[in-house]
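Report on one structure; see the data block that follows.
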Amino acid sequence: MNPRQLTHLIALADTGRFVAAAEQVHLSQAAFSRSIKALEAQIGLRLFDRSPKGARLTPAGRVVVERARQLAFDQRCFQRDLALLRSGALGSLSFGAGPVPAAALVPALLVALQARQPAVQTRVRSGHAETLLALLHGEEIDFLIADPRMLPSDPRLQTRLLGPVHGGLYCRSAHPLARRRSLPLQVVLEHGIATVSASEPLRAMLRQGLHLGPTQALPVRLECDDMATLVRLARDSDALVLLPHGVAAEAKGLRQLTLQGRPAAMHVLMHAIWLRGRSLSPAAEVALALAATLAAALPGQAGGRAPGQSLKS
C-alpha cells in the first residue's frame, strides 16, 4: 500500500461516492476505480460494498481505513520533520565552550537558540579546551568554541571564525588601586593577577596584553576556569582579575584598570572547531550563524565601549 493508495482509500471513505472521491484526488472515475480494486486485490480484502447509493465500508474496510488515516498522519508528520531538520529547527545539538566563550557568548546563544529552535535538544559542555578536544575526537560533541591559538596544531580539525572577545584587568570599585588613574607595571607585578588556566600560548598573549617584555615573568597568582568564580573574586577580594568586558559589565561594581596609561587588554579569537570531513548538522549550522551574530555585538567590537572607558588594542 503506497501513500497514493492511502489517499484514494481515505477519500472514498470520506465521500462515500466514487465520482466525488475521484474529483477530490484529481483522477478520472475509471482510474480511481482501478486504484481501489487494485488495493483490495493487493491486501486480499473487500473494503467497500458498492451500491447505487454509493460505497460503504465493510467491517474490514473500517479497520483498514482507521489504520490508513494513522499512516497518512504519520507520513505528514515525517515530511514536516524532514523540513524542520533541513531548517535546523529539529534534532539534537551538542557543543563545548572554553571558559571565556562559555561566559561571554554561550548564555546569549542559548537564549537565541531557545527562541529560534525550541524543539532542538541541546547539550553544552564547558571546561578546559584540551578536555573539550577529547570530547570532540570522541564524537561526543558536534563542535567546540575556543581560540585555536590555545590548542596544538591538528590537521584533523576544521575551524570557522566567530569573532573576538575583548577584555581587561578588573578590580572591585572600592579597591585601593581603583582610585589610581594609571598603574605602574611594577604594582601589577607585585600584586599579581587571576585568570583562566594559562597555557603557554595564553601566557604569551597575556604578557603582550599587560605590556610586559618577552623575558618578564607573567604575574599569575591564581588560575580558575569558572568565570563566575573569577567575577566573585574580583568583586569580593583585592584580586586583580582578567575578565571579558561583557562579563564584567553584567557583574557591576567592578572597575577596569589602566596600566601605564593604557588598558590592560585581553583578546580571545573565538572559533567553531569541529572534525574535518564531518558535516555539521543543520541545527549546528543555525547555532554557529547565531553565535557569529552575537559575537559581533559583544563589547569592544567595531569601536564599542568597554565598561567605564574606551577599549584600546
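All residue numbers in this chain count up from 1 along the given sequence.
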Nearest-0.5 Å distance, CG of residue Asp74 to CD of residue Gln79: 12.0 Å
More than 12 heavy atoms from other groups under 6.0 Å of CD on Glu66: no
Enclosure of Arg46 CZ (heavy-atom neighbours >12, cutoff 6.0 Å): yes
Sub-4.5 Å side-chain heavy-atom contact between Leu93 and Arg123: no
Glu23 vs Arg17, salt bridge (Lys or Arg N to Asp or Glu O under 4.0 Å): CA-CA, chis, key distance, verdict: CA-CA 10 Å; Glu23 290 178 352; Arg17 305 189 69 84; over 6 Å; no
Beyond-backbone contact of Thr58 with Val64, side-chain heavy atoms, under 4.5 angstrom: no
Shortest non-hydrogen separation from Thr15 to Ala20 and the atoms involved: CB-CB, 4.0 Å
Side-chain (Thr131) to main-chain (Gly127) donor-acceptor, under 3.5 angstrom: no
Check: Ser182 main-chain N/O paired with Thr258 side-chain donor or acceptor under 3.5 Å: no
Heavy-atom pair of closest approach, residues Ala291 and Leu105: O-CD1, 3.8 Å
Asp14 and Arg69 ion-paired at < 4.0 Å: yes
Arg56, CZ: over 12 other non-hydrogen atoms inside 6.0 angstrom: no
Side-chain touch Leu257/Cys171, heavy atoms, less than 4.5 angstrom: yes
Same cluster (ILVMFWY, side-chain, under 4.5 Å), Val111 and Leu294: no
Between CG on residue Leu212 and CG on residue Leu189, distance to nearest 0.5 Å: 6.0 Å
Any donor-acceptor pair under 3.5 Å from Glu40 side chain to Ser35 backbone: no
Separation between CG of Leu109 and CD1 of Ile145, rounded to the nearest 0.5 Å: 6.0 Å
Closest heavy-atom pair and its distance - Leu183, Leu259: O-CD1, 3.3 Å
Member of Val100, Leu206, Leu230, Val220 meeting the side chain to side chain contact (heavy atoms under 4.5 Å, CB included) criterion with Leu242: Leu206
Residues Asp225 and Ser197: side-chain donor-acceptor under 3.5 angstrom: yes
Polar side-chain atom of Gln5 near backbone of Asn2 as donor-acceptor pair, under 3.5 Å: yes
CD/Glu285: more than 12 non-hydrogen atoms of other groups inside 6.0 Å: yes
More than 12 heavy atoms from other groups under 6.0 Å of CZ on Arg276: yes
Nearest non-hydrogen partners of Leu132 and Gly98, listed with the distance: CD1-N, 3.7 Å
Main-chain N/O of Asp238 paired to His191 side chain as donor or acceptor, under 3.5 Å: yes
salt_bridge(Glu223, Arg203) N-O dist < 4.0 Å: yes
Flag, side chain of Arg172 to backbone of Leu254, donor-acceptor distance under 3.5 Å: no
Closest heavy-atom pair and its distance - Leu233, Ala239: CG-CB, 3.7 Å
Under 3.5 Å donor-acceptor, His271 side chain and Ile273 backbone: no
Non-hydrogen side-chain atoms of Arg221 and Ile193 separated by less than 4.5 Å: no
Within 6.0 Å of CD in Gln208, more than 12 heavy atoms from elsewhere: no
His267-His166 aromatic ring centre distance below 6.0 Å: yes
Residues, nucleotides or ligands: over 12 heavy atoms within 6.0 Å of Arg149 CZ: yes
Exercise: identify the closest heavy-atom pair between Asp142 and Arg278: OD1-NH2, 4.1 Å
Aromatic plane relationship, Phe95 with Phe143 - under 30° parallel, 30 to 60° tilted, over 60° perpendicular: parallel
